[in-house]
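Take a look at the structure set out below.
Both backbone and side-chain heavy atoms feed into the values below; hydrogens, waters and symmetry mates do not. As the structure is a prediction and not an experimental result, all values here were calculated from the model. Residues take their numbers from the sequence shown, with the count starting at 1.
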Amino acid sequence: MDDDLWTLIEPLLPPWPERSPGPRPVADRLCLQGILYVLYDDIAWQLLPLELGFGSGQTCWRRLERWQQAGVFDQLHRILLAELNAAGQLDWSRACVDGSHIRAKKGVPTPVRRRSTGARRAANTT
């Protein structure tokens with residue numbers, strides 16, 4: 001990963017707790033490189049080679065989860081889109097919106113007939 005990309009990403013990362021238990025954590029930049037390695041090479045987290053110095057696959061996975069919960073990747077996506085747009089590198093005429101995860105409302109909802117739970121009149125036996 002080049003330094004320009006890292007200067008965009010680093011300020012978005014949440015600070016590491018000062019009194020965290022266990023050994024000193026792997027540097028954020030190395031973890032990000034490990035995450036990118038796993039995603040790019042499409043390997044399982046446990047198959048991340050320790051010899052590369054990115055930390056274990058479990059470490060990288062935990063860091064990815066932590067950053068995802070902190071909204072790092074959503075922020076990074078917005079920043080990259082803004083920079084590409086400012087540089088004229090995006091073709092918005094080919095953009096589309098995917099609303100497949102949003103419930104479509106089709107007019108005014110009609111009331112649903114509900115079954116009464118109140119007491120009923122006794123049947124006539126005469």
Drop me the distance from D28's CG to R63's CZ, to the nearest 0.5 angstrom.
5.0 Å
CG of L80 to CD of Q89: how many Å apart, nearest 0.5 Å?
12.5 Å
Nonpolar side-chain network containing L84, other nodes, edges under 4.5 Å
L81, L90, W92
Those residues that, when tested against D42, pass side chain to side chain contact (heavy atoms under 4.5 Å, CB included) (two or more places apart)
none
Tell me which donor-acceptor pairs under 3.5 Å the side chains of residues 65-75 have, and how far apart each pair is, sequence neighbours excluded?
unit_1 : atom_1 : unit_2 : atom_2 : d
E65    : OE2    : Q69    : NE2    : 2.9
R66    : NH2    : P15    : O      : 2.8

Would you call L13 and L32 a side-chain contact if the rule is heavy atoms closer than 4.5 Å?
no
Would you please name every residue forming a side chain to side chain contact (heavy atoms under 4.5 Å, CB included) with A86, sequence neighbours left out?
none
Applying side chain to side chain contact (heavy atoms under 4.5 Å, CB included), can you list everything that pairs with E10, at least two apart in sequence or on another chain?
W6
Salt bridge (charged side-chain N to carboxylate O under 4.0 Å, His left out) partners of R29, counting only residues at least two apart
D3
Using the rule that two of Ile, Leu, Val, Met, Phe, Trp, Tyr join whenever any of their side-chain heavy atoms come within less than 4.5 Å, decide whether M1 and L52 are in one cluster.
yes
Same cluster for I79 and I35 if Ile/Leu/Val/Met/Phe/Trp/Tyr side chains link at under 4.5 Å?
yes
Is there side-chain contact between C60 and Y37, with heavy atoms separated by less than 4.5 Å?
no
Backbone of S93 reached by a side-chain donor or acceptor of D91 within 3.5 Å
yes
Residues which pass side chain to side chain contact (heavy atoms under 4.5 Å, CB included) with D4, listed by chain and number, not counting sequence neighbours:
D2
So do the side chains of C31 and R62 get within less than 4.5 Å of each other, counting heavy atoms only?
no
Show me the pairs that pass side chain to side chain donor-acceptor pair (under 3.5 Å) and involve residues 43-56, at least two apart or across chains.
S56-T59
Partner residues of T7 under the side chain to side chain donor-acceptor pair (under 3.5 Å) criterion, sequence neighbours left out:
none
Does a side-chain heavy-atom distance below 4.5 Å link F54 with L48?
yes
